[in-house]
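Data first, discussion second: the structure below is written as structure tokens.
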Number of protein chains: 2
Amino acid sequence: MGMTIRDIAREAGVSTATVSRALRGLPNVDPVTREKVRQVAERLDYVVSPAASRLASGRAGSIAVITPYIARWYFARVLSGIEGVLQASDLDLLLSSIGDPQEVGHVPPHRKLRRRVDGFLVISLPTETEGVSEIFDLEQPVVLIDTDHDGCSSIGIDDIAGARMAVQHLINLGHERIGLISGRPRPTPFRPEDNRYAGYRDALQDAGLPVLTDLEACGHFTIEGGERAMTTILARPNPPTAVFAMSDEMAFGALRSLRAHGLEPGRDVSVVGFDGHEMSEHLDLTTVVQPVEEIGARAARMLINAVDDPNRETKHDVLPLDMVVRGSTALRRR
Amino acid sequence: MGMTIRDIAREAGVSTATVSRALRGLPNVDPVTREKVRQVAERLDYVVSPAASRLASGRAGSIAVITPYIARWYFARVLSGIEGVLQASDLDLLLSSIGDPQEVGHVPPHRKLRRRVDGFLVISLPTETEGVSEIFDLEQPVVLIDTDHDGCSSIGIDDIAGARMAVQHLINLGHERIGLISGRPRPTPFRPEDNRYAGYRDALQDAGLPVLTDLEACGHFTIEGGERAMTTILARPNPPTAVFAMSDEMAFGALRSLRAHGLEPGRDVSVVGFDGHEMSEHLDLTTVVQPVEEIGARAARMLINAVDDPNRETKHDVLPLDMVVRGSTALRRR
DNA sequence: CGCGTTGCTGCAAGCGTTTACGCCCACAGA
DNA sequence: TCTGTGGGCGTAAACGCTTGCAGCAACGCG
């Protein structure tokens, strides 16, 4: 309990400096001494006081993950990937959802986390977000997921290509009126949304098809939202024979809406989603699969590198996508 | 940046002790002085060094959440509830999945987190788990979710009653052969599993129905597992007309299996799940709803209280359950 | 008027590490 | 033998706070 480095030093017959060096694996320690110190520490069940260590060394020993949501599928999985990597490192993972700026007592994360972490991992948040933009002024390593910014490493997928792939698939099946279930009304500060829209639009244009805004509706990335969006779209005059949903969860809602209208996904209206949610397999949804945990894991590794070596150059990883074709998409019936 | 409490003290014309007291809202500070110090700190954009503060005060200023999974629905939501409460407190949230003890380099959390946190929040882990049991020896506050232990506060639901409610519902619908999709083979060290089993069994027995082990199968709490379990059960001679699944995710798999066998959930075989997963609404699944985020939030509040006042007596909250009846359950056809 | 309170503040001793610096010694080269 | 070199180690000064203790007015009361 009240065990300090001095106790170990005394017990091992060396100075505290040597204990510190030995335990941290620094050079300039006789292997014999090091081993002895290690054994004493082990025997007495000693662990360094992180507070003291951090104060003396100036390193915070932790990194913060800033995320808009924790419970949502995508975020939970990214977080899981991050944690897996950090677990094996000597950095603590501080979790901070950015919360609702409206709420009383809301403290923007950059203020709360000042001097507390060695780096930031930001999931899917626009760089202009209040509380995020200020992070860049902190002069600490930042890794951005799903967006990018000058001087920060970043990681993500090629949303344009992904959306293109999805829409091209529908075009290949003979569809010409292809609807869109997007997240929020454009333009949004969210990179993936804008890019998925661009991919959707480009694919249509490349195929010489018109981009019809009355085939679009917002689903807010939720199941209910997707359901409402699909319902809205179906109510339009001359509805589409296929839709691309920017997320699987919205696609799930769309499937439900279709069934509620007596339409069979695939046979009557094709639906393709985006994410690779486990549930998509069970709902027989065609979807663009992104390697979500891998995104988190890589981001964590990048940040660890940046923390260890602050002037390492920044990287910008783009991970490959995959499309899984299932029953929710089929040849257009004539 | 290199701003210390001394700079604030000098600028405000007081001692560092007064700055410390003023900023932390301790009594015995003249309101005028306090306000002045606050303003200086604000103006200079000063935040205390957590490392120094922790070293001096002996408080770690954080709590650890120990969980077996991060990405799974239940755990992600509990975590979200925890984070929501902690956000508003002055405690950091250290996330630590317990990881796979098999893996190389695996460090059991109790060792890694020694001296690093003021308390532990353990989600759904048996108290005998390696790395969890040792936490109790640390003499720090612990709050257990989904199980309990001497001297710890705990929170959870009444799994027995929940399972009973589910099965009773099936019995009321006229079902007499009621199958079970459980998690792992019994006995497990996981409290909720055992209790849900007990509730299942009790409900049957109370109704004078036999408990037939060949109507049971394990689904390992995954969709795929649930699907396999249902398939197994259907293959038995004289299959059940209804099943109770210990989690919604397994129930989703069961629904899928039924459809794959040309059976219509509700009409041919009734299915009831457990959890209140959002998706259950969309799959029209009858389920026992537990207040998952609330569980996390309450657990966090309990822990904060325990940290603030170590000899506060322990509490054991049991949160109420609710059942939502949907299309997956219906009167038994004769 | 003396004395105990009470409210506010400052002094200074920690808290348990890390690390710059310097010492000592063994060893090699001259 | 002398000197330079470098590995191994110890000394002690930070690191930036918190807090026990004491001091000092101002005040009320007998």
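So you know, we letter chains A, B, ... as the sequences are listed, proteins then strands, and number each from 1.
In the helix from C:dC1-D:dG30 to C:dA30-D:dT1, the terminal helix axes, each the rotation mapping four pairs' C1' atoms onto the next four within five end pairs, subtend 40°, rounded to 10°.
Under 3.5 Å, the side chains of A:Ser133 and A:Glu128 contain no donor-acceptor pair of N or O atoms. Under the 3.5 Å distance criterion, with hydrogens and angles disregarded, no donor-acceptor pair is assigned to the side chains of B:Ser154 and B:Asp148.
The listed nucleotides are C:dC8, C:dT9, C:dT17; the one nearest the side chain of B:Pro31 is C:dC8. Nearest to the side-chain atoms of B:Asp30 among the listed nucleotides C:dT9, D:dT19, C:dT19 stands C:dT9. Set against C:dG16, D:dC17, C:dT9, the side chain of B:Ala52 has D:dC17 as its closest nucleotide. Nearest to the side-chain atoms of A:Ser49 among the listed nucleotides C:dT19, D:dT11, C:dG16 stands C:dG16. Across C:dG16, D:dC17, D:dC9, the shortest atom-to-atom separation from the side chain of B:Ile5 is found for D:dC17. For A:Val48, whose side chain is taken as the heavy atoms from C-beta onward, the closest listed nucleotide among D:dT18, C:dC8, C:dT17 is C:dT17. In the set C:dG16, C:dT9, D:dT18, the nucleotide with an atom closest to the side chain of B:Thr16 is D:dT18. When distances run from any side-chain atom of A:Arg115 to the nucleotides D:dC17, D:dG7, D:dT11, the shortest one goes to D:dC17. Listed nucleotides C:dT19, C:dT17, D:dC9 differ in distance to A:Ala56; the shortest reach to its side chain belongs to C:dT17.
Per the geometry, CG belonging to A:Leu26 stands 13 Å off C1' belonging to D:dG8, to the nearest Å. Taking atom CZ on A:Arg34 and atom P on D:dG8, their separation rounds to 9 Å, with Å as the unit. In this entry the distance linking CG of B:Asn28 with C1' of D:dG23 reads 14 Å, nearest Å. If you take CD of B:Glu35 and P of C:dC8, they are 15 Å apart, rounded to a whole angstrom. Whole-Å rounding puts the A:Arg114 CZ to D:dC17 P distance at 11 Å. Between the CG atom of A:Leu23 and the C1' atom of C:dG16 there is a distance of 14 Å, rounded to whole Å. Distance B:Tyr46 OH to D:dG16 C1': 7 Å, rounded to the nearest Å. B:Leu55 places its CG atom 11 Å from the P atom of D:dT18, with the value rounded to the nearest Å.
In terms of polar N and O atoms assigned as donor or acceptor, the side chain of A:Arg21 comes within less than 3.5 Å of the base of D:dG10 in a complementary pairing.
Scanning all heavy atoms of the two residues, the minimum distance from B:Ile157 to B:Gln290 falls at CD1-OE1, 3.2 Å. Of all heavy-atom pairs spanning A:Pro68 and A:Ile123, the tightest one is CD-O, 3.2 Å.
Enclosure of atom CG in B:Asp150 is not indicated, since only 12 or fewer non-hydrogen atoms of other residues, nucleotides or ligands lie within 6.0 angstrom.
Of the charged side-chain nitrogens involved, at least one lies within less than 4.0 Å of a carboxylate oxygen, so that B:Asp7 and B:Arg10 count as a salt-bridged pair. Between A:Asp45 and A:Arg43 no salt bridge is recorded (no basic side-chain N to carboxylate O distance below 4.0 Å).
Taking side-chain N and O atoms only, A:Ser57 has no distance below 4.0 Å to OP1 or OP2 of C:dT18. Distances shown here put a side-chain N or O of A:Arg24 below 4.0 Å from the OP1 or OP2 atom of C:dT19. Under 4.0 angstrom from either OP1 or OP2 of D:dT18 there lies at least one side-chain N or O belonging to B:Ser53. A:Ser20 has no side-chain polar atom (N or O) that falls below the 4.0 Å cut-off from OP1 or OP2 of C:dT19. Remark: A:Thr18 is in phosphate contact with D:dG10, judged by side-chain N or O atoms under 4.0 Å from OP1 or OP2. OP1 and OP2 of D:dG8 both lie 4.0 Å or more from every side-chain N or O belonging to A:Thr33.
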Report task. Please step through side-chain hydrogen bond (donor to acceptor under 3.5 Å, both in side chains) for the pair A:Asp92 and A:Ser62, ending with a clear verdict. Result -> CA-CA 4 Å; A:Asp92 288 341; A:Ser62 19; 4.8 Å; no
Query raised in the report: Given A:Leu93 and B:Leu94, is the side chain to side chain contact (heavy atoms under 4.5 Å, CB included) satisfied, shown in steps?
Result: CA-CA 6 Å; A:Leu93 161 38; B:Leu94 254 60; over 6 Å; no
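Nearer to the 5' terminus of DNA chain C, by closest-nucleotide assignment, is the contact made by B:Pro27 (compared with the other of B:Pro27 and A:Arg54).
Using a 4.0 Å heavy-atom distance criterion, A:Arg6 is classed as a base contact.
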